[in-house]
Amino acid sequence: MTPSAELPDLAALEEAAALVHTVVPATPQYCWPLLSRRVGAELWVKHENHTPTGAFKVRGGVVYLGELRKARPEIRGVVTATTGNHGQSIAYSASALGLAATIVVPQGNNPGKNRAMRGFGATLVEIGHDFQAAYEHAAVLAERKNLHFVRSFHPLLIRGVASYALEMFRAVPALDTVYVPVGLGSGICGVIAAREALGLTSEVVGVVAENAPTYALSFAAGRPVPTNRADTLAEGLAVRVPDEAALAMIRHHAARIVTVSEAELRQAMRILFTDTHNIAEGAGAATFAAALKERDRLQGKRVAVVQSGGNADRALFAQVLAEPEAE
């Protein structure tokens with residue numbers, strides 16, 4: 001199961017989507033008039049916050065672990081690193097397939113996501129100050145305990161995640177621009193794979209946090225540019241070392257990478273709740289923050305934003321909602 005930057009064809013994506021839909025029903029995409037008015041475009045939200053784990057990642061976990069069980073039936077346990085949504089995906093899918101899951105998270109990780117992963121039956125290990133440190137520890141555990149190491153970026157994860165993009169592109173034809181959050185890259189690469197397989201011309205735009213800019217810096221430089229820190233309320237975007245295969249795919253197929261500030265993330269979380277009554281975690285709100293930031297170039301267009309997750313920490317979300325609106 002070696003990672004590759006090759007794009008899957010439509011048949012492979014359809015097969016993966018059929019498997020995903022045995023576990024995860026298709027999520028809705030709505031055109032919200034109040035959001036459209038704010039942006040000056042016909043704005044659609046793909047609601048991946050409506051999956052059983054509250055985020056898009058579960059789609060990739062179902063396909064990855066399903067294929068793993070077929071290819072290596074002797075495997076009894078897996079380990080991975082996460083800030084939450086990828087870990088929920090692996091914990092949920094492992095439980096369904098009878099596998100033991102060990103999930104490594106950084107210290108101080110979102111307590112709600114930690115509780116959800118334990119609820120799905122995973123063993124949780126809290127170590128390190130950020131995702132990269134947790135990732136490195138997970139690799140050590142894989143060797144030490146003879147566990148299969150599930151990386152956060154892999155072609156099978158892309159195939160599973162692409163199922164939401166197939167749903168979106170087919171439900172909302174002729175999209176001009178799609179904004180996708182970029183953590184390690186499976187989400188945006190899934191959208192790219194679906195767009196290419198369907199032969200569409202929609203512009204795909206990645207979104208990262210200003211405080212975790214590794215993919216924006218790497219996209220501009222044409223090579224991986226790690227950062228020393230990735231401290232953002234959008235924990236799903238808190239990556240400081242890019243995946244080279246993901247970066248290659250993004251650089252080849254994405255139009256650009258937009259960075260959004262912590263204040264813009266918080267504003268987007270408030271607006272999404274006010275205008276749609278949906279809860280968006282920081283990474284889930286990032287795409288709307290980017291569309292709002294780029295509204296001058298979106299006038300009159302048909303635009304989609306991926307609300308990739310709704311697993312906001314309760315205390316943080318209450319604090320964000322209580323803040324006054326910016327003028």
Side-chain angles (χ1 to χ4, degrees), residues 35 38-41 43 45-46 48 55-56 83-85 110 130-132 152-153 176-192 202-244 246-272 280-299 301 303-309 312 316 320 323 326:
L35 298 183
R38 288 180 189 268
V39 175
L43 191 130
V45 179
K46 179 58 172 169
E48 287 299 281
F56 77 100
T83 54
N85 289 338
N110 182 317
D130 63 6
F131 168 76
Q132 186 63 29
S152 302
F153 184 85
D176 293 300
T177 304
V178 180
Y179 289 91
V180 191
V182 182
L184 208 56
S186 66
I188 189 171
C189 290
V191 173
I192 287 168
S202 306
E203 184 181 62
V204 175
V205 179
V207 185
V208 301
E210 194 175 274
N211 284 8
T214 183
Y215 272 96
L217 298 172
S218 302
F219 188 89
R223 57 178 175 78
V225 181
T227 60
N228 292 326
R229 300 176 67 85
D231 297 325
T232 172
L233 67 87
E235 63 258 22
L237 308 184
V239 173
R240 57 184 173 87
V241 180
D243 182 278
E244 291 192 25
L247 177 61
M249 193 179 295
I250 294 166
R251 289 198 68 249
H252 188 67
H253 295 284
R256 60 189 175 279
I257 302 285
V258 177
T259 60
V260 291
S261 69
E262 298 298 289
E264 288 166 336
L265 287 168
R266 297 170 89 95
Q267 179 190 36
M269 292 170 71
R270 285 193 298 274
I271 289 173
L272 286 166
E281 61 186 281
T287 52
F288 179 70
L292 199 59
K293 187 172 186 174
E294 293 202 323
R295 59 186 176 272
D296 288 347
R297 70 191 301 164
L298 300 178
Q299 298 305 296
K301 294 185 176 182
V303 178
V305 299
V306 180
Q307 189 167 327
S308 59
L316 172 63
V320 168
E323 293 167 355

> Are any of the side-chain heavy atoms of F288 and V39 separated by less than 4.5 Å?
Replying inline: yes
> Between V306 and P181, is any pair of side-chain heavy atoms under 4.5 Å apart?
Replying inline: yes
> When you look at R266 and L316, which way does the side-chain contact (heavy atoms from CB on, under 4.5 Å) test go after all the steps?
Replying inline: CA-CA 10 Å; R266 297 170 89 95; L316 172 63; 4.1 Å; yes
>> Per the salt bridge (Lys or Arg N to Asp or Glu O under 4.0 Å) rule, what does the pair list look like for residues 281-290, sequence neighbours excluded?
In response: K113-E281
> Should I250 and V204 be marked as a side-chain contact (heavy atoms from CB on, under 4.5 Å) after you check the CA-CA gap, both sets of side-chain angles, and the distance that decides it?
Replying inline: CA-CA 9 Å; I250 294 166; V204 175; over 6 Å; no
> Does R256 have any salt bridge (charged side-chain N to carboxylate O under 4.0 Å, His left out) partners at least two apart in sequence or in another chain, and if so, which?
Replying inline: E203, E294
> Where do A285 and M269 come nearest, in terms of heavy atoms and distance?
Replying inline: CB-CG, 3.5 Å
> Nearest heavy-atom pair of A286 and V207: which atoms, and what distance?
Replying inline: O-CG1, 3.4 Å
>> I need the M249 CE to S186 OG distance, nearest 0.5 Å.
In response: 10.5 Å
>> Please report the interatomic distance CD1(I188) to OG(S308), rounded to the nearest 0.5 Å.
In response: 11.5 Å
> Is E262 atom CD crowded by more than 12 heavy atoms from other residues, nucleotides or ligands, each under 6.0 Å away?
Replying inline: yes
> Which heavy atom of A312 sits nearest a heavy atom of A280, and at what distance?
Replying inline: CB-O, 4.1 Å
> Between V180 and G187, what is the shortest heavy-atom contact and its length?
Replying inline: CG1-C, 3.8 Å
> What's the spacing between N110 CG and T83 OG1 if we round to 0.5 Å?
Replying inline: 8.5 Å
>> Could you report the tightest heavy-atom contact between L298 and A41, atom names first, then the distance?
In response: O-CB, 3.3 Å
>> For the OH atom of Y179 and the NZ atom of K293, what is their distance to the nearest 0.5 Å?
In response: 11.0 Å
> So, does R295 use its side chain to make a donor-acceptor pair with the main chain of L292 at under 3.5 Å?
Replying inline: yes
> Which value, rounded to the nearest 0.5 Å, describes the distance between D231 atom CG and R240 atom CZ?
Replying inline: 9.5 Å
> Shortest non-hydrogen contact from A209 to T232?
Replying inline: CB-OG1, 3.6 Å
> Any side-chain heavy atom of T287 within less than 4.5 Å of one from V205?
Replying inline: no
>> Give me each pair satisfying side-chain hydrogen bond (donor to acceptor under 3.5 Å, both in side chains) with a member in residues 208-219, each pair once, sequence neighbours excluded.
In response: none
>> Distance check, rounded to the nearest 0.5 Å: S202 atom OG versus K301 atom NZ?
In response: 11.5 Å
